[in-house]
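Read through the structure below, which is laid out as structure tokens, and then see the notes.
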Amino acid sequence: MGRVKNIARRSFLIGSAAILGGVAFGAWFVTRPTPNPLLDDLAEGEAALTPFVKITADGITLIVPRADVGQGIASTQAMLIAEELDIDPATVTLDPGQPHQAYFNGTVAADGLSFPGWDEGFVAETVRDLMMNVARLSGSQFTGGSSSTADLHETLRRAGATARETLKAAAAARTGVPRADLRTEDGHVVLPDETRIPYTELAAEAAGIEPVTDVPLRPASEWTRLGKPYQRLDIVAKSTGTQSYGIDVTLPGMLYAAVRANPGRGGGMASYSPDAALAMQGVRSVVEVDEGLAVIADNTWFAFKAAEALQVDWLPPDYPASSDAMWQALTDAHADEFQNSRLRDDGDVEAALSGAKVIEAEYRSPFLAHAALEPLNATVLVEDDAVTIWTATQVPHVVRDAAAEVTGIDAANVILHALPAGGSFGRRLDHDFVVQAIQIAASMPGTPIKTTWSREEDMTHDFPRPLHMSRGRGAVADGRVLACDLDSISPSLIASWFGRVFIVPPGPDAMLVWGAFDQPYAIPNYRVTGYAAPPLMPIGSWRSPGACSNSFFHESFLSELIHAAGADPLEERLRLIDHADSRRVLEAVGEMSNWSGADIGPGRGRGIAFAYTHGVPVAEVIDVTLTERGIRIDEVWIAADCGTVFDPVNAEAQLTGAAVYGLGHAMNCELTYDNHTVQQTNFDAFEGMRLRQTPKFHTRLLGQAEKVRGLGEPATAPAAPALADAIFAATGQRLREMPFNRSVDFA
Amino acid sequence: MDLTINGTIHTVNLPDDMPLLWALRDGLNITSVKYGCGIAQCGACTVHIDGEAVRSCQVALGDVWGEIKTIEALGTPDALHAIQRAWIDHQVAQCGYCQSGQIMQAADLLSRNPEPSDDDIDAAMSGNLCRCGTYPRIRAAVHAAASAMREA
Ligand code: FES
Ligand code: FES
């Protein structure tokens, strides 16, 4: 890594990792295999050869524990198993399984550390290993942080290989033919004489033998499915209206509920009257839930109308009442006593700036809603000794435990039907809506109740991306960037979110400065300081948390410095970057877009940005044109490297989808507050990108990075700064505050 | 009240002012029609009435003026419509939640304009939000469906 190694070694979790991983439980506890949950309720003649593969006489089931929120991970998981198991995944059952320690996510825990992903030094790798074990021991089954493919690609291929070889062993025992002489094909073990035995027929025998685990994985050169274009397994259902989501769950005798919570999150109720609501058609009851009230009715529409009719005297929450007051609180937090981290401190920034002509700038990024198109919902049936839940969640283990806590029913008797989500973007890392649905259903034991949030409820009660601001100071010399000192100020997402789903870890919050401290630039004098502002309000992870704001600050400020230096935005970035994978994506995007500078003619402009997030370097180039109706985004080039690409058609969709998400919100979305209340309650005031505004995309995945990483988020972060840079090139106006439609019009 | 949906008459006993969206979803369990905003901003609830794309969240049950078609009437997994075929070939869907509405909107466009330009597609499809950002593939799939339908 050469020059960029000098990252301050402080981590918020090293302490707890060392205790949990190395001392308290001892090495044996950490390294012993996690139990296989499928073994618990197997019937006679059924085999659960690994936690991910179950075979019965009737068929094959693959357990795909990471939640599919649109990113296609259900298919990818199945494909990874299928490659080694030699089955057609379209012919088997996919089941997300029940929450279990066996499905822990180690990668997302390791990524939360204060080491940049490109740091592969001994300390970083050792602490990552410790974190993996913390995750394993705690059974944290998160889907998030673009971690699913990175975390599971070996595990799932191993599961497929183990199952295959165990089935071969069963066939060998039955036929007397040595296992080495058997092969497998399309769900069958094939004997040397071409006799074919279906896996399903071998289930009972395979269940009786010790799984064969010592199996090498097939090299990529032998893959028949992975790495080749294939259809997502849900694509037909999603193109014919036959995909069922949580909001579509329908059960016999089911009732419907709507929620009306305090628009000031966390404020309570002084008093309320249910009378007007109870008098309305089809209303069964009004119940108290976390943060407010719910109406149970004969259909969703009746419930929505009655929820609106509830008369409630809300108490104010403890956060500032208006956006202005919140920005003031953030500005006030740019002070020594709020300093939370300094995870990058190279050279001597103060010395470099003293005597130099200092360039300064301030940037702002607003609160944003996740606003998945499917409004949040959950269906719950509470019975005497069991809770059954139908919902989409990124934290199934948290949902299970919450159900046990709310109802007093043993967690072992909580059954979770984890469903595909109509989007999430990080929102389903929280489970507040499920808790409400459980409380509602607990008021009417024996009756399944589907709770659906209205769009207005969904927007008003998000855990939004936090307000974030940054101040940069820098200097240039001899046509080069000499110094960059970036302060990043925001409430702590780690403190807020971890506090809701786990425990708040001690130490600095690396996420607050993700997308800034961890960029692989070797600027000679380079410092990134995080300031944790007071909480303001509960906040959440929004596609590419931390980096979705910091990358805008960091890349925009770098662009300003490069401009002041009179250097070329691509050339100077290439000169500063000291990481081979990152350099390659910048070179690739330059080649793809025929880069020859930001000037592409009158009335037009070209911008560039780079970000390293979730272990993936991404470079984006954007062209814009000034039209009579406003700025039009013409074309976008994206180059990225996530290592081996298993699912190329979907990978491209993740790149373009993430860029559309980043661009649309940068163009025209923000949540503002007045009287403690969100002002934007539906898509009329929170539009994002529309089809007519969508540019042409060109993408390239280099496939050269050594580590396999995920793509759900990485293309989001560089989109906003690349657009701002293009607008600067076209207009001379440097946009330092999102959304950009505060300053310019878009066509 | 009687509604003709996909060629079948259904009797519903629901108030006149209830949006068609909720009558279809909760009253008749036709859940391919999605709720996204309730205020005509997203298009997830798009169905056809007498062949024209409408936002079912905006049509009161008492005002339904003709025969309703939902995506099931267009095609099914075993008998795909050319538009659905194109949507599959281009692997448009991510979460898929918006796509019934997108496809019904595209069907309306292609029934009136068998060879739409990019501008025509922009004009017809921009009322349908896709939070996953599948727009580039929607554009490509509409063109592909148009040419498949012209050749058929
Ligand atoms: S639900 Fe009808 S347009 Fe959004
Ligand atoms: S595919 Fe998710 S909203 Fe369109």
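Residue numbering restarts at 1 for every chain, and letters A, B, ... go by the order of the sequence lines.
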Fill in: Portion of B:Val92 that has a non-hydrogen atom of chain A nearer than 4.5 angstrom
backbone
Discussion item. I'd like to verify something: which residue of B:Gln102, B:Met104, B:Arg137 has the highest number of heavy-atom pairs under 4.5 Å with chain A?
Written reply: B:Arg137
Discussion item. Below 30° counts as parallel, above 60° as perpendicular, anything between as tilted: where do the rings of B:Tyr35 and A:Phe304 land?
Written reply: tilted
Discussion item. For A:Thr681, which atoms come within 4.5 Å of any heavy atom of chain B: side chain, backbone, both, or neither?
Written reply: neither
Worksheet item: B:Leu14 versus chain A, heavy atoms under 4.5 Å apart: side chain, backbone, both or neither?
Response: side chain
Worksheet item: Can you tell which of A:Met689, A:Arg543, A:Gln71 has the highest number of heavy-atom pairs within less than 4.5 Å of chain B?
Response: A:Met689
Worksheet item: For A:Asn299 and B:Met18, what are the C-alpha separation, side-chain angles and deciding distance, and is it a side-chain contact (heavy atoms from CB on, under 4.5 Å)?
Response: CA-CA 11 Å; A:Asn299 62 50; B:Met18 183 162 164; 3.6 Å; yes
Fill in: Least distance between heavy atoms, A:Leu373 atom then B:Cys98 atom
CD2-CB, 3.4 Å
Worksheet item: What are the two closest non-hydrogen atoms of A:Asp248 and B:Arg25, and how far apart are they?
Response: OD1-NH1, 2.9 Å
Item to complete: Go through the atoms of B:Thr76 and report whether side chain, backbone, both or neither lie under 4.5 Å from a heavy atom of chain A.
Response: backbone
Worksheet item: Top residue by heavy-atom pair count (under 4.5 Å) with chain B, among A:Trp301, A:Phe425, A:Phe683?
Response: A:Trp301
Worksheet item: Stepwise, does the side-chain contact (heavy atoms from CB on, under 4.5 Å) test hold for B:Gln94 with A:Lys238?
Response: CA-CA 8 Å; B:Gln94 290 188 30; A:Lys238 288 179 173 176; over 6 Å; no
Worksheet item: Side chain, backbone, both or neither: which part of B:Ile88 has a non-hydrogen atom closer than 4.5 Å to chain A?
Response: both
Worksheet item: Non-hydrogen atoms of chain A under 4.5 Å away: do they reach the side chain of B:Asp119, the backbone, both or neither?
Response: neither
Fill in: Side chain / backbone / both / neither for A:Thr242 at chain B, heavy atoms under 4.5 Å
side chain
Fill in: Proximity breakdown for A:Val649 and chain B, heavy-atom pairs closer than 4.5 Å
both
Response to the item:
When the 4.5 angstrom heavy-atom criterion is applied to B:Ile121 and chain A, the contacting part is both
Discussion item. Evaluate A:Tyr661 against B:Arg131 for side-chain contact (heavy atoms from CB on, under 4.5 Å), listing each step before the verdict.
Written reply: CA-CA 7 Å; A:Tyr661 201 71; B:Arg131 294 289 293 161; 3.8 Å; yes
Worksheet item: So, does A:Arg690 use its side chain to make a donor-acceptor pair with the main chain of B:Ser126 at under 3.5 Å?
Response: yes
